[in-house]
Chemist: 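So that we are looking at the same thing, I have put the structure below in structure tokens.
The figures here come from the full heavy-atom set of this structure, side chains too, leaving out hydrogens, waters and symmetry mates. In this chain, residues are counted from 1 in sequence order.
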Amino acid sequence: MINKDEIFMKKAIKVALQARKEGNEPFGAILVKGEEVVMVGENKINTFCDPTHHAEIGLIRKFCSENNIFDLNEYTLYTSCEPCVMCSGAMVWSNLGKIVYSVSHDQLAEIAGSNIMIACNEVFEKSPQRPELVEQVLNEEGLKVFDGYKFSH
């Protein structure tokens, strides 16, 4: 049986590798409705000199603005890494239906050192809208994105 979450996660991981290649931090996300990828987003903090331009929030901003919508309850966001507190908040405000990630915050902390490591489910638990959450899909493949990578912070 083909696992839809794995198929889309492979694409998000590929986007993370592309972000890394372009000199940004190695994070990627894709937005899916039904079986269709409707938007791709990658970390562009260095490209845009914008510390808030994470893959997920950049994708949500662009998609909602271009499509004149605020409600993403029929959409799934696949992201190469567990979303940070800022991106998790954007997922709540956009009423995202489902989030699927590969690498967890705890794993990222081991690789990158400490940061604001508040689990996305902690944000969702305290929110009026709670996306469905699927964790650590293709985790080993997601971790490979960070092989030899040095974070700048």
Side-chain angles (χ1 to χ4, degrees), residues 1-64 66 72 75-94 96-125 130-153:
M1 189 173 104
I2 296 171
N3 183 324
K4 184 173 85 167
D5 286 347
E6 288 184 2
I7 291 168
F8 289 122
M9 185 57 69
K10 280 183 192 287
K11 293 179 184 195
I13 290 169
K14 200 172 192 178
V15 173
L17 288 167
Q18 182 63 33
R20 180 177 175 172
K21 228 182 262 178
E22 292 175 7
N24 292 295
E25 291 193 344
F27 302 102
I30 62 168
L31 188 64
V32 173
K33 184 174 184 184
E35 303 293 318
E36 182 186 355
V37 175
V38 295
M39 175 101 14
V40 174
E42 63 187 66
N43 181 290
K44 291 196 180 267
I45 63 169
N46 293 324
T47 299
F48 295 152
C49 199
D50 177 357
T52 70
H53 206 289
H54 292 188
E56 304 93 337
I57 204 166
L59 180 153
I60 290 169
R61 279 184 198 139
K62 186 174 186 206
F63 184 79
C64 289
E66 286 181 2
L72 299 180
Y75 296 80
T76 299
L77 186 66
Y78 292 86
T79 182
S80 61
C81 195
E82 181 175 356
C84 73
V85 66
M86 174 183 70
C87 292
S88 296
M91 292 170 192
V92 169
W93 298 128
S94 65
L96 183 68
K98 181 178 174 184
I99 169 79
V100 182
Y101 72 79
S102 179
V103 177
S104 74
H105 269 179
D106 289 344
Q107 291 172 313
L108 183 62
E110 286 180 31
I111 296 164
S114 63
N115 205 319
I116 305 172
M117 295 297 181
I118 297 171
C120 64
N121 63 0
E122 287 182 62
V123 175
F124 300 152
E125 285 169 6
R130 296 179 183 141
E132 180 186 340
L133 181 61
V134 180
E135 302 172 286
Q136 294 186 293
V137 171
L138 297 181
N139 187 246
E140 287 182 25
E141 288 182 43
L143 286 168
K144 286 179 187 165
V145 172
F146 298 102
D147 284 351
Y149 187 78
K150 298 284 184 242
F151 281 87
S152 55
H153 60 269

Chemist: Could you give me the CA-CA distance, side-chain angles and deciding distance for S80 and V15, then say whether side-chain contact (heavy atoms from CB on, under 4.5 Å) is met?
Modeler: CA-CA 8 Å; S80 61; V15 173; over 6 Å; no
Chemist: Got more than 12 heavy atoms from elsewhere within 6.0 Å of CD, E140?
Modeler: no
Chemist: Quick one: pull up CG in L143 and OG in S102 and give me the separation to the nearest 0.5 Å.
Modeler: 6.5 Å
Chemist: If you look at every heavy atom in P26 and R20, which pair is closest and at what distance?
Modeler: CB-CB, 3.9 Å
Chemist: For the backbone of E25 and the side chain of N43, can you confirm whether one donor and one acceptor N or O come within less than 3.5 Å of each other?
Modeler: yes
Chemist: Return the CD to CD distance between E135 and E82, rounded to the nearest 0.5 Å.
Modeler: 6.5 Å
Chemist: If every non-hydrogen atom of G41 is compared with every non-hydrogen atom of A55, which pair is closest and at what distance?
Modeler: O-CB, 3.6 Å
Chemist: Ring-plane angle category for F8 and Y78, please: parallel below 30°, perpendicular beyond 60°, tilted otherwise.
Modeler: tilted
Chemist: Heavy atoms only: give me the nearest I99-P131 pair and the separation to one decimal.
Modeler: CG2-CB, 4.2 Å
Chemist: Filter on side-chain hydrogen bond (donor to acceptor under 3.5 Å, both in side chains), then keep only pairs touching residues 50-60, sequence neighbours left out; what's left?
Modeler: D50-T52, T52-R61, E56-T79
Chemist: Taking all non-hydrogen atoms of both residues into account, name the closest pair between G23 and N46 and its distance.
Modeler: O-ND2, 2.7 Å
Chemist: Check S104 against N139 and note the closest heavy-atom contact, atom names and distance.
Modeler: N-ND2, 4.4 Å
Chemist: Do Y101 and Q136 have side-chain atoms, one donor and one acceptor, less than 3.5 Å apart?
Modeler: no
Chemist: Heavy atoms, side chains only, cut-off 4.5 Å: are M9 and E141 in contact?
Modeler: no
Chemist: Of the non-hydrogen atoms in R130 and E125, which two are nearest, and what is the gap between them?
Modeler: NH2-O, 2.7 Å
Chemist: Do the non-hydrogen side-chain atoms of I60 and W93 ever get within less than 4.5 Å of each other?
Modeler: no
Chemist: Give the C-alpha distance, both sets of side-chain angles, the deciding distance and a yes or no for side-chain contact (heavy atoms from CB on, under 4.5 Å) between C120 and L133.
Modeler: CA-CA 9 Å; C120 64; L133 181 61; 3.8 Å; yes
Chemist: Apply side-chain contact (heavy atoms from CB on, under 4.5 Å) to F146 and V103, showing your working.
Modeler: CA-CA 10 Å; F146 298 102; V103 177; 4.1 Å; yes
Chemist: Supply the atom-to-atom distance I13 CD1 to K10 NZ, rounded to the nearest 0.5 angstrom.
Modeler: 7.5 Å
Chemist: Check whether more than 12 heavy atoms from other residues, nucleotides or ligands sit under 6.0 Å from atom NZ of K98, and answer yes or no.
Modeler: yes
Chemist: Drop me the distance from L17's CG to K144's NZ, to the nearest 0.5 angstrom.
Modeler: 11.0 Å
Chemist: Among V38, V40, L77, find the residue that satisfies the side chain to side chain contact (heavy atoms under 4.5 Å, CB included) test when tested with L59.
Modeler: L77
